[in-house]
There are 2 protein chains.
Amino acid sequence: MARVTIQHVAQAAGVSPSTVSNFLNDRQGRMVAATRTRIETAISELGYRPNRAARQLRNGKTQTVGLVVPSVGNPFWGAFAHEVEVAALALGCSVLLCNSERDPERERRYVEELWEDGVRSIILCTSLPSLDHVSNVIAEGLRLVTFDRPAQPNDPESVVSISIDNNVGGQVATAHLLELGHTSIAFVSGSIRSVNRSARYRGYCDAIEAAGLSVADMPQWTGMDAAHFGDVEAAEVGRAAARDLFADPKNAPTAVVAINDMTALGFCRGLRDLGLKVGRDVSVIGFDDIILADLYDPPLTSVRQPITRMAQLAVSEAVERGSNESTDPGSSVLLRPELVVRESTEHVPSTPRP
Amino acid sequence: MARVTIQHVAQAAGVSPSTVSNFLNDRQGRMVAATRTRIETAISELGYRPNRAARQLRNGKTQTVGLVVPSVGNPFWGAFAHEVEVAALALGCSVLLCNSERDPERERRYVEELWEDGVRSIILCTSLPSLDHVSNVIAEGLRLVTFDRPAQPNDPESVVSISIDNNVGGQVATAHLLELGHTSIAFVSGSIRSVNRSARYRGYCDAIEAAGLSVADMPQWTGMDAAHFGDVEAAEVGRAAARDLFADPKNAPTAVVAINDMTALGFCRGLRDLGLKVGRDVSVIGFDDIILADLYDPPLTSVRQPITRMAQLAVSEAVERGSNESTDPGSSVLLRPELVVRESTEHVPSTPRP
DNA sequence: TGAAATCGGTGTAACGATGCACTGACCATA
DNA sequence: TATGGTCAGTGCATCGTTACACCGATTTCA
């Protein structure tokens, strides 16, 4: 079955290939209505679809959006990737998915490979404070949208960032626990050496201080000084945190803010290992509001990220940059996170634990 | 920054582009060692990378593997997609991910588009008993590997299938519950009009009958006659099942086999809505052993699919078909599922529920 | 009226890699 | 010394699309 090419269409419509090409790339004004319709019918009758490879070879670009996430194995990123595909499809683009495993070197390599393969728009879900590792590609003209990482002072001008306001999120989460009467609140996370995570942590600190308490007095877990982020094994991080925090009774909090839901669920699992009950004994709040938060027992209180909206924004910024409605380059879109209260957070237990 | 092309390499190595091309596609014997090394050093010094688009335009194929899953938003498929990417990377291929939403029409469209874009290997995670909707593309030479769908009598010859033995899985799950003394075991699923799901159901039936019981006597949930599979809202399916089954005390089982873990978790959530306790009041067993099964409270007993191994197999079948070690075309690889016993399944309660 | 501008459309040379058909040089055999 | 065969490497047309330069016909306007 031979391919239908632009020549066949041209022949069927009685025009030259150039004219069909003009039509396809709607170069303005250059065509009388009758010709246009002849081409249209020819295309649909022959079932013509332009050949991507040829197009790309000719103009050096693709209609593809690159999406680099830490790992689709993580339910949050899986859900986000899904939303991105839906949004891209609506704009007629396809998505090329890459898992960086949060490795800067892999991030760099993927971004470079995508660029060399003609991808001109990338949504990068990175944790790194600096974009130096991809700045050369940005300088060459890549449209980069970072997700889950607000703009930083040193970022190249053209970068747009889509994120929730993590500081506010951290504050909201912590304030919720404070309102429930908790005064011993731990923060649990893998490495917080990323823009979004440190913002969440600062929000936590801000809320603690605003309540007249001192962060130094809170139970501390040292895991967040570690180097690795633990996206794949986020749950393990949480589980370890529970073990460590409760090993020393002095260190035991009555409530915990976890860096994300997977870590929160792992923490809950850890509590269970210790015979403690989530909610009644220890309040736990997560981030993201992944689908499992609501399924968990008890259902997990979480700070929701509006991923559908964020995916739409990210895709449209990546694809349609330069059109009227677009955001100014270099700007940061900070969406407001939403606290979803469920049953993993309760009033501070009136009687101290044995 | 102009691209480095094969011409530059040729010039640097003092040979013709053809020779470099010969080298790249290692056409045998045609080259003296000195030439080979000159080309090698030229390539590495210039940092040459062949242009995909040009290659694809020229020979009509890509090095890309297509992966069509119901939805990466579902943690099981997210985890599988991740494993596929890892396996493909090891073989030097990239992965193009598509979400079919279990819509046969979308499946067909994606497969066709991938084919037209030069993708010659596709891993299709489909639920459909028939492959008619993609048979024309298979006839043209597509290497299709189906996942989670054993081979069917009418399948085109060239198709290879990778799957667990779902019948055995269904039997193992059910037998486990029977051993725990349960005699009132319900099967909970969205539509079972798919090869794998109906096999699981048959396994369930086989085990029931083998124990001298009758499937007809078991509590029945009608949701599985529905048309939709509910991958996205698998949990909702489970939750609804719990509500329905326990609405009528006569219909209430003491144990449940769920079609997958997400449905199982939804079912557990539904039990919780009703004030029932998983394990103590009702035993629940799922399928897949997603990461969340172990995190849940109580940790979920599940029939594990070895997705890492399966992903490797699927990728190597898709990419390397025709090499020595490859499976015979038309064959089905049925891996043995593994029962992972946790705490959501317990002995049948000695005292009847109030 | 004639020069210029506009309109609708076409010819052609790329983009980068590939593989067939070919060439010259060298060797072996008769 | 013919004849033929092998070896190492090359020339060239080609994949499908695009954009620029161009062209002839018609319109505009001084």
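As a basis for the values below, the full set of heavy atoms in this structure was taken, side chains included, without hydrogen atoms, waters or symmetry mates.
- The interatomic distance linking A:Asn22 (CG) with C:dG8 (P) rounds to 12 Å, in whole Å.
- Taking only side-chain nitrogens and oxygens, A:Arg3 never comes nearer than 4.0 Å to OP1 or OP2 of D:dG16.
- If you check every strand for non-hydrogen atoms under 4.0 Å, B:Phe23 touches nothing.
- The distance from atom CG of B:Asn51 to atom P of D:dC15 is 18 Å, rounded to the nearest whole Å.
- Contact annotation: side chain of A:Ser18 to base of D:dA19, donor-acceptor pair present below 3.5 Å.
- In this structure, B:Arg38 atom CZ and D:dT10 atom P are separated by 9 Å, rounded to whole Å.
- In this structure, B:Arg27 places its CZ atom 6 Å from C1' of C:dG19, rounding to the nearest Å.
- Residue A:Ile6 has its side chain nearest to D:dT17 when only D:dG9, C:dG11, D:dT17 are considered.
- At a threshold of 4.0 Å, the pair B:Arg36-B:Asp26 does not count as salt-bridged, since none of the basic side-chain nitrogens sits closer than that to a carboxylate oxygen.
- Set against D:dC15, D:dG9, C:dG11, the side chain of B:Leu57 has D:dC15 as its closest nucleotide.
- Using a 4.0 Å cut-off between charged side-chain N and carboxylate O, B:Arg108 and B:Glu105 make a salt bridge.
- Atoms CD (A:Gln56) and P (C:dG16) sit 12 Å apart, rounded to a whole Å.
- Looking at B:Ser163 and B:Phe147, their side chains never come closer than 4.5 Å, going by heavy atoms from C-beta outward.
- Summarising the geometry, the separation between CG on B:Asn59 and P on D:dA13 is reported as 20 Å, rounded to the nearest angstrom.
- Residue B:Glu116 contributes atom CD, which lies 14 Å from atom C1' of D:dG16 at whole-angstrom precision.
- Going from atom CD1 of A:Ile39 over to atom P of C:dG8 covers 13 Å, rounded to whole Å.
- Each of C:dA17, D:dG9, D:dG16 was ranked by its minimum atom distance to the side chain of B:Thr35; first place goes to D:dG9.
- Within 4.0 Å (heavy atoms only), B:Val15 reaches sugar-phosphate atoms of the nucleic acid but no base atom.
- Residues B:Asn196 and B:Arg149 have side chains that never bring a donor and an acceptor to within less than 3.5 angstrom of each other.
- Each of C:dG11, C:dA17, D:dT17 was ranked by its minimum atom distance to the side chain of A:Pro50; first place goes to D:dT17.
- Using a 4.0 Å heavy-atom distance criterion, B:Thr5 is classed as a sugar-phosphate-only contact.
- Not a single donor-acceptor pair, N or O on each side, falls under 3.5 Å between the base of C:dG8 and the side chain of A:Thr19.
- Residues B:Lys61 and B:Asp117 are not paired through a salt bridge, judged by the lack of any N-O separation under 4.0 Å between the basic side chain and the carboxylate.
- At a threshold of 4.0 angstrom between heavy atoms, the contacts of A:Gln7 include nucleobase atoms, whether or not backbone atoms are also involved.
- Here C:dG8 is the nucleotide among C:dG8, C:dT10, D:dC15 with the atom lying nearest to any side-chain atom of A:Val32.
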